[in-house]
Asks: 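This is the structure I have questions about; it appears just below.
Chain letters run A, B, ... following the sequence lines, proteins first, then strands; residues in each count from 1.
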There are 2 protein chains.
Amino acid sequence: MLSRKTKYAIKALLALSRKYEQGPVLISELSEKEMLPKKFLEAILLDLKNQGILGSKKGSGGGYYLIKAPADIMLSSIIRITDGPISLTSCVSLNFYERCDDCPDELTCSLRDVAKDVRDASLNILTKTSLQDMLDRETKLKKGRKKGKK
Amino acid sequence: MLSRKTKYAIKALLALSRKYEQGPVLISELSEKEMLPKKFLEAILLDLKNQGILGSKKGSGGGYYLIKAPADIMLSSIIRITDGPISLTSCVSLNFYERCDDCPDELTCSLRDVAKDVRDASLNILTKTSLQDMLDRETKLKKGRKKGKK
DNA sequence: ATATTAGTCTATCTAATTGGTAGATTATAT
DNA sequence: ATATAATCTACCAATTAGATAGACTAATAT
């Protein structure tokens with residue numbers, strides 16, 4: 001399950017996506033409009049900045065802003081920053097590989113084999129879904145509901 | 001990521017699968033041969049029993065045994081017992097549904113929409129992979145390694 | 001019967017993680 | 001200079017993960 005941290009990050013990033021190239025947005029504004037605990041959000045945004053997703057500006061007229069286009073920021077990148085590994089086991093993680101301390105032989109571990117498949121299936125979606133894609137989905141979902149479609 | 005609990009459970013269940021219909025196996029035997037902490041394993045096995053996966057017998061000649069065929073026990077069932085939800089968000093969980101406390105509208109939440117896709121992709125594998133499948137994979141992996149294949 | 005065996009129940013315990021807050025500090029625009 | 005707003009340091013409480021100890025109960029062998 002995604003942590004609150006990750007959900008907050010995604011919410012904030014979606015809000016920043018809607019204001020892409022419209023100048024910095026205040027933490028307090030993000031916090032209020034998106035209903036995110038301010039101090040916690042602070043830490044999250046700082047994290048996203050240090051990982052190269054956001055830029056920031058201090059002083060009046062300052063705030064946070066996307067450093068890349070919403071279409072170039074993938075869900076997988078966000079999750080990895082705030083939650084770490086996406087895979088079921090660390091032994092198949094592409095970005096956080098670690099040997100399972102007790103595993104006698106990785107090459108013949110059937111769980112690892114399945115975990116690999118699950119990882120590929122998940123990443124196939126998460127590395128292809130950008131913030132822009134999510135905004136698009138949102139508008140589609142809203143339209144769909146208005147027209148009473150499912 | 002899967003918890004240790006889940007990994008231990010899978011290890012133990014695979015061992016019990018190899019001895020399917022050969023009578024009960026001692027906790028202590030499982031613990032030693034599979035290198036699992038005994039007391040922790042005790043709790044896990046009891047859990048699996050209460051969830052209808054294992055049977056048990058007390059007294060001498062007793063132990064734990066599979067109550068269904070290895071081909072009928074799916075990875076998804078095991079993970080759900082020991083780790084809970086498989087999905088990224090509780091709002092798309094088939095077995096542990098819960099509303100996201102802060103979500104203003106589930107029907108137009110784009111994260112939920114993506115989480116649904118990821119859930120389907122993961123479950124497509126996990127509900128189709130049985131303990132028997134894992135044993136089969138294991139032997140295949142062992143053969144493959146002997147012959148030097150990849 | 002009773003001693004032995006082996007699962008079950010209750011109760012802890014520690015360490016790590018999660019979610020969150022407070023307050024001082026530093027950079028910047030005016 | 002001063003107000004603004006991000007950044008840094010330092011906590012803190014609650015929960016979960018991982019694990020152990022010991023009493024209790026049921027079944028079996030002798």
Asks: Below 4.0 angstrom from OP1 or OP2 of C:dG19, is there any side-chain N or O of A:Tyr8?
Replies: no
Asks: So if I take every side-chain heavy atom of A:Ser3 and compare against C:dT5, D:dA5, C:dG19, which nucleotide ends up nearest?
Replies: C:dG19
Asks: Taking any heavy-atom pair under 4.0 Å as a contact, classify A:Leu45: base, sugar-phosphate, or nothing.
Replies: nothing
Asks: Under 4.0 Å between a Lys/Arg side-chain N and an Asp/Glu carboxylate O for A:Lys5 and A:Asp47?
Replies: yes
Asks: Could you give the CG-to-P distance, from A:Leu26 to C:dA27, as a whole number of Å?
Replies: 20 Å
Asks: From C-beta outward on B:Pro37, which listed nucleotide comes closest to its side chain: C:dG20, D:dA6, D:dT20?
Replies: D:dT20
Asks: Do B:Ser130 and B:Asp133 have side-chain N/O donor and acceptor atoms under 3.5 Å apart?
Replies: yes
Asks: Whole angstroms only, please: what is the CD-P distance between A:Glu42 and C:dG19?
Replies: 18 Å
Asks: Can you tell me how far P of D:dA29 sits from NZ of B:Lys58, to the nearest Å?
Replies: 16 Å
Asks: Nearest whole Å is fine: how far is C:dA16 P from B:Met1 CE?
Replies: 16 Å
Asks: Output yes when B:Arg4 and A:Asp101 qualify as a salt bridge under the 4.0 Å nitrogen-oxygen rule, no when they do not.
Replies: yes
Asks: Could you check B:Gly59 against B:Asp83 and say which one's nearest nucleotide on DNA chain D is further toward the 5' end?
Replies: B:Asp83
Asks: Among the candidates C:dG23, C:dC9, C:dT30, find the nucleotide nearest to the side-chain atoms of A:Ser60.
Replies: C:dT30
Asks: Separation of A:Leu36 atom CG from C:dT21 atom C1', in whole Å?
Replies: 16 Å
Asks: Starting at atom CD1 of B:Ile67, determine the distance to atom C1' of C:dG7, rounded to an integer number of angstrom.
Replies: 15 Å
Asks: Is a donor-acceptor pair below 3.5 Å formed from side chain A:Lys39 to base C:dG19, judging by atom type as modelled?
Replies: no
Asks: Please pick, from D:dT20, D:dC8, C:dG19, the nucleotide with the shortest atom-to-atom distance to any side-chain atom of A:Arg4.
Replies: C:dG19
Asks: Whether B:Lys38 contacts D:dA19 is assessed here as follows: a side-chain N or O lying under 4.0 Å from the phosphate OP1 or OP2. Is that the case?
Replies: no
Asks: Are B:Asp105 and A:Leu141 side-chain neighbours, meaning at least one heavy-atom pair lies under 4.5 Å?
Replies: no
Asks: How long is the line joining NZ of B:Lys7 and C1' of D:dG18, in whole Å?
Replies: 13 Å
Asks: Report the nucleotide, chosen from D:dC8, C:dT21, D:dA6, that has the shortest atom-to-atom distance to any side-chain atom of A:Phe40.
Replies: C:dT21
Asks: What is the distance from CD1 of A:Ile27 to C1' of C:dA22, rounded to the nearest Å?
Replies: 15 Å
Asks: What closest approach, in Å, do A:Ser56 and A:Lys49 show between heavy atoms, and which atom pair accounts for it?
Replies: OG-NZ, 3.3 Å
